[in-house]
Amino acid sequence: GDVLRILIASDMHLGYAEKDPIRGEDSFNTFEEIFIKANEQQADMVLLAGDLFHDNKPSRRALQRCMEVLRDHCLGQREVHIEVVSDQTANFHDKYKSVN
C-alpha cells in the first residue's frame, strides 16, 4: 500500500560481553529478534541507529554473526519499493556516487 513501515532499533552493541559464558549471546540474539520482528510485521526497512558494534574494532566472530543475521533475514524474495529521488551525486561522495 501507501504506508512505509520502518522498524527503528538502536545501540545494538554487538559483541558486548561475547566471551561471557552466560551473556555472550545476548547482543546477537537481540539483533536477530529485531529482524524476526521486522519480517513478522512486514517492515519495509530497518533503521539501525547508534552503535551497531560494542567495540570500534569488532572481533571476527562479531562481524561474522552480524553478517549471518543480515543474510538470513534481509536477502529474500520481497521486492524493494524504496526509491532515492534526490541527486545521488550531491549526497554520496564515495567512489560509487550512489546508494547501491
Side-chain angles (χ1 to χ4, degrees):
D2 293 338
V3 176
L4 178 65
R5 294 173 167 265
I6 303 172
L7 187 147
I8 301 171
S10 68
D11 297 301
M12 297 294 92
H13 286 271
L14 294 176
Y16 176 77
E18 68 182 311
K19 294 182 181 178
D20 185 302
I22 296 171
R23 298 191 57 204
E25 293 295 312
D26 287 358
S27 65
F28 304 112
N29 291 339
T30 301
F31 188 56
E32 185 157 32
E33 287 173 12
I34 287 165
F35 287 95
I36 290 170
K37 183 58 76 175
N39 284 319
E40 287 174 357
Q41 297 296 318
Q42 297 182 331
D44 295 301
M45 68 185 296
V46 175
L47 175 63
L48 297 173
D51 298 323
L52 179 59
F53 294 101
H54 184 67
D55 296 313
N56 66 347
K57 293 183 180 178
S59 70
R60 184 179 305 263
R61 179 177 178 273
L63 290 168
Q64 180 66 33
R65 291 292 309 278
C66 177
M67 293 305 299
E68 286 174 359
V69 170
L70 293 173
R71 290 184 76 179
D72 287 346
H73 298 284
C74 296
L75 300 177
Q77 298 301 315
R78 285 180 55 197
E79 291 185 38
V80 176
H81 296 282
I82 298 171
E83 180 180 354
V84 177
V85 294
S86 65
D87 179 3
Q88 294 185 40
T89 59
N91 296 310
F92 298 95
H93 304 286
D94 62 359
K95 70 179 185 177
Y96 301 108
K97 308 234 183 293
S98 65
V99 175
N100 52 9

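In this chain, residues are counted from 1 in sequence order. These numbers come from a predicted model, not from an experiment.
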> State, to 0.1 Å, how close Phe53 and Pro58 come at their nearest heavy-atom pair, and which atoms those are.
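Shortest heavy-atom separation between Phe53 and Pro58 comes out as CG-CG, 3.4 Å.
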> Give me the atom names and distance for the closest heavy-atom approach of Arg61 to Gly24.
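Closest approach of Arg61 to Gly24, heavy atoms only: NH1-O, 4.4 Å.
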> So, for Gly15 and Ala62, which heavy atoms are closest and what is the spacing to 0.1 Å?
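Looks like CA-CB, 4.3 Å.
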> Please confirm whether the backbone N or O of Ile6 pairs with a side-chain atom of Asp44, one donor and one acceptor, at under 3.5 Å?
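No: the side chain of Asp44 does not pair with the backbone of Ile6.
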> Is the CD atom of Gln42 crowded by more than 12 outside heavy atoms at less than 6.0 Å?
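Incorrect, the count does not exceed 12.
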> Taking the six-membered ring for Trp, are His54 and Tyr16 parallel (under 30°), tilted (30 to 60°) or perpendicular (over 60°)?
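Rings of His54 and Tyr16: perpendicular, over 60°.
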> Measure the spacing between CD1 of Ile8 and CE of Met45 and express it to the nearest 0.5 Å.
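Result: 9.0 Å between the selected atoms.
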> Atom CG in Leu48, atom CG in Leu14: separation rounded to 0.5 Å?
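Atom-to-atom, Leu48:CG and Leu14:CG are 9.0 Å apart.
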> Between the main-chain N or O of Ile22 and the side-chain N or O of Asp20, is there a donor-acceptor pair closer than 3.5 Å?
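Indeed, once roles are kept as given, a pair shorter than 3.5 Å links the two residues.
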> Start with the C-alpha distance between Glu68 and Arg65, add both sets of side-chain angles, then the distance that settles side-chain contact (heavy atoms from CB on, under 4.5 Å), and finish with yes or no.
CA-CA 5 Å; Glu68 286 174 359; Arg65 291 292 309 278; 3.6 Å; yes
> Check Gly50 against Asp11 and note the closest heavy-atom contact, atom names and distance.
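Nearest pair, atom of Gly50 first, then Asp11: CA-OD1, 3.6 Å.
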> Of all heavy-atom pairs between Ile36 and His73, which one has the smallest distance, and what is that distance?
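Between these two residues, the closest heavy atoms are CG1-CE1, 3.6 Å.
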> What's the spacing between Glu32 CD and Asp72 CG if we round to 0.5 Å?
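Answer for the CD-CG pair, Glu32 versus Asp72, is 6.5 Å.
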> Do Leu47 and Leu52 land in one hydrophobic cluster if side-chain heavy atoms of ILVMFWY residues count as linked below 4.5 Å?
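Result: no, two separate clusters.
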> Looking at Phe31 and Phe35, what are the two nearest heavy atoms and their distance?
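Heavy-atom minimum between the residues: O-CD1, 3.3 Å.
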> Please examine the side chains of Phe28 and Glu18, heavy atoms only from C-beta on, and report whether any two atoms are closer than 4.5 Å.
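Touching, per the 4.5 Å side-chain cut-off.
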> Does some side-chain heavy atom of Met12 sit less than 4.5 Å from a side-chain heavy atom of Ile34?
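A side-chain contact under 4.5 Å exists here.
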